[in-house]
Amino acid sequence: MTVLALETSCDETGVAILRRRNDDSGSDLLASEIASQMATHEKYGGIVPEIASRNHLIYAPRLLERATTAAKLRLSEVDAFAATSGPGLASSLMIGASIAKGLAIGFGKPYLAINHLEGHLLSPFFGDPDQNNQICPNVSLVVSGGHTMLIFVHGLSDYRLIGRTVDDAAGEAFDKVAKMLGLRYPGGPEIEKRARSGNPNRFDLPRSMLDSENFSFSGLKTAVRYLLPKIVERFNETPDERRLPQTPYKLDRHVLADLCASFQQAIIDVLVRKTIAAAQKYRVGLVTVSGGVSCNQELRRTFGEACAREGFDFKNAEPWLCTDNAAMIAFAGLLRLQGGFQSEVTEEIDPNLALV
Ligand code: KG4
Ligand code: ZN
């Protein structure tokens with residue numbers, strides 16, 4: 001069984017082909033192509049939807065060609081066509097979904113509309129040999145640039161929301177704080193890089209809403225904003241190094257490393273504590289973490305340790321699968337196809353599509 005998937009929810013164009021082995025011993029990723037538009041949008045200071053959708057239209061046919069060549073397969077040999085149907089930018093979602101629908105109609109094959117968040121949520125199971133039974137009950141943290149959600153997963157398509165952010169997503173907080181510090185987008189990897197040599201205990205930053213199952217990260221971001229002028233005053237040696245508020249602050253390399261480490265630690269503490277508390281409450285044996293922020297090595301390490309200490313199994317997708325890609329959409333598609341799910345080609349994209 002072979003699924004071809006397109007992911008065009010934001011500014012990354014992805015095409016992947018995943019084949020389930022005939023002996024049910026797992027699946028093989030035959031191709032996973034991705035084209036990033038980050039450099040194009042960076043000069044505008046954010047994603048420009050019209051440019052993103054135009055580029056998807058240019059890249060998607062090329063990636064389809066590359067993916068089928070890499071997989072040594074003709075489109076007529078694909079068993080189902082999947083695409084992200086939301087959440088995301090309407091004009092971007094429309095491109096991938098329209099192409100997948102066109103292929104499904106043209107080749108008389110099923111169409112699968114996949115929720116982007118389900119793609120992330122299931123990605124920790126990617127590559128497991130026995131995919132039929134692998135979606136066992138777990139508490140899942142989906143933590144990306146647009147979402148921070150804790151979900152009780154009972155099985156495929158059986159999800160219950162435990163908590164979500166009431167303001168910024170964790171990845172958004174990384175991106176906004178990075179911007180204040182004059183670091184590049186996306187901020188997560190930039191902050192992580194500097195945090196490696198920093199002291200996470202140097203600056204005392206807030207851990208908000210610890211008694212709730214929901215998350216809040218805007219207070220942490222504001223705390224960094226208020227701290228910055230004080231740090232510049234206290235630690236930077238020459239007045240030249242001071243910057244006016246609103247512009248990125250230029251900090252001494254060591255102070256910057258300590259601030260990045262302290263900020264990163266505040267986010268990790270909250271994510272790990274709430275996830276472990278939820279896993280205890282819902283009495284699951286497994287914790288899973290997915291989404292772009294879960295590329296963070298310190299987050300992965302802390303989760304691994306906390307789960308081992310508290311007696312939970314822990315699954316985290318490989319870093320290349322954590323940020324947006326089409327392989328996770330193909331995987332969710334394959335599981336859905338095996339589970340007997342299919343979508344109508346009349347199913348519309350939904351920029352605000354909810355998972356639960
Ligand atoms: O899942 P993703 O690629 O896109 C969304 O669906 O949002 O996540 C992107 C987010 C960005 O906010 C980025 O800063 C964050 O993931 N991110 C990280 C790291 N790598 C990416 N955050 C912390 N540490 C990282 N290493
Ligand atoms: Zn995503």
Side-chain angles (χ1 to χ4, degrees), residues 5-14 16 32 34-38 41-42 46-47 52 83-89 92-93 96 114-124 126 140-149 151 164-165 168-181 183-196 198 200 215 217 220-221 260-272 288-303 316-329 331-332 351-353 355:
L6 290 111
E7 152 65 38
T8 60
S9 62
C10 194
D11 63 335
E12 238 113 38
T13 320
S32 180
I34 194 137
S36 170
Q37 306 177 21
M38 212 174 301
H41 296 277
E42 206 172 9
I47 291 157
T84 306
S85 62
L89 296 169
S92 287
L93 291 164
I114 304 295
N115 186 313
H116 180 83
L117 297 171
E118 186 176 45
H120 280 305
L121 179 90
L122 298 174
S123 63
F126 191 92
S140 185
L141 174 71
V142 179
V143 66
S144 69
H147 300 271
T148 299
M149 300 171 93
I151 296 160
R164 58 156 43 110
T165 180
D168 291 347
E172 195 178 351
F174 268 103
D175 297 335
K176 287 179 175 169
V177 166
K179 196 168 178 186
M180 287 180 215
L181 299 172
L183 304 176
R184 294 171 66 119
Y185 177 87
E190 296 294 315
I191 288 184
E192 178 177 22
K193 214 184 321 171
R194 283 152 186 91
R196 269 187 217 125
F215 299 85
F217 293 108
L220 172 61
K221 177 191 68 189
C260 287
S262 303
F263 167 77
Q264 178 178 279
Q265 195 59 49
I267 295 214
I268 292 175
D269 281 354
V270 172
L271 294 176
V272 173
T288 65
V289 183
S290 59
V293 178
S294 71
C295 286
N296 189 288
Q297 292 297 329
E298 187 58 19
L299 178 79
R300 297 163 82 90
R301 198 188 59 74
T302 313
F303 255 115
N316 197 171
E318 293 291 315
W320 71 270
L321 257 177
C322 292
T323 47
D324 289 350
N325 65 86
M328 68 182 191
I329 304 300
F331 182 61
N352 301 312
L353 188 62
L355 182 63

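Worth knowing before you read on, the calculation uses all heavy atoms, side chains too, and leaves out hydrogens, waters and symmetry mates. Both counts, for ligands and for their atoms, begin at 1 and track the order of listing.
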Measuring from non-hydrogen atoms of His120 to any atom of ligand 1, is the shortest distance under 4.0 Å?
yes
Closest protein heavy atom to atom 11 (C) of ligand 1, given as residue, atom name and distance to 0.1 Å:
Asp175 OD2, 3.5 Å
Verify whether one side chain among Ser9 and Glu7 offers a donor that lies under 3.5 Å from an acceptor in the other.
yes
Ala169 near ligand 1 by a heavy-atom separation under 4.0 Å:
no
Look at atom 24 (N) of ligand 1 and say which protein heavy atom is nearest, naming residue and atom and giving the distance to 0.1 Å.
Asn296 ND2, 3.0 Å
What is the ring orientation for His116 with His120, classed by angle as parallel under 30°, tilted 30 to 60°, or perpendicular over 60°?
perpendicular
Minimum heavy-atom separation for Pro319 and Cys295, please, with both atom names.
O-SG, 3.6 Å
Under a 3.5 Å distance rule, please check whether Arg194 uses its side chain to pair with a backbone N or O of Ala261 as donor and acceptor.
no
Would you say the side-chain atoms of Ser92 pair up with the backbone N or O of Cys10, donor to acceptor, closer than 3.5 Å?
yes
The one among Gly171, Gly292, Ser290 that brings a heavy atom closest to atom 16 (O) of ligand 1
Gly292
Identify, for atom 10 (C) of ligand 1, the protein heavy atom at the shortest distance, and state residue, atom and that distance.
Gly145 N, 3.4 Å
Note the single closest protein heavy atom to atom 2 (P) of ligand 1, along with its residue, its atom name and the distance in Å.
Asp324 OD1, 3.4 Å
Would the distance check show the side chain of Glu172 and the main-chain N or O of Ala169 forming a donor-acceptor pair, the cut-off being under 3.5 Å?
yes
Students should be able to answer this: which protein heavy-atom is nearest to atom 26 (N) of ligand 1, and at what distance?
Glu192 OE1, 2.7 Å
At less than 4.0 angstrom from any non-hydrogen atom of Gly187, what atoms of ligand 1 do you find?
14 (O)
Look at Cys10 and state whether any of its N, O or S atoms is less than 2.8 Å from the Zn ion (ligand 2).
no
Using a strict 4.0 Å cut-off to heavy atoms of Thr323, name the atoms of ligand 1 that fall inside it.
3 (O)
What residue and atom, counting heavy atoms only, is the protein's closest point to atom 22 (N) of ligand 1, and at what distance?
Gly188 CA, 3.3 Å
Any idea which N/O/S atom from Asp324 gets closest to the Zn ion (ligand 2)?
OD1
So does His147 have any N/O/S atom less than 2.8 Å away from the Zn ion (ligand 2)?
no
Do Cys260 and Leu181 come within less than 4.5 Å of each other through their side chains, counting heavy atoms only?
yes
Taking distance alone, with no angle check, do Cys295 and ligand 1 share an N/O pair under 3.5 Å?
no
Under 4.0 angstrom from ligand 1, any heavy atom of His116?
yes
Would you say Gly146 and ligand 1 have an N/O pair spaced under 3.5 Å apart?
yes
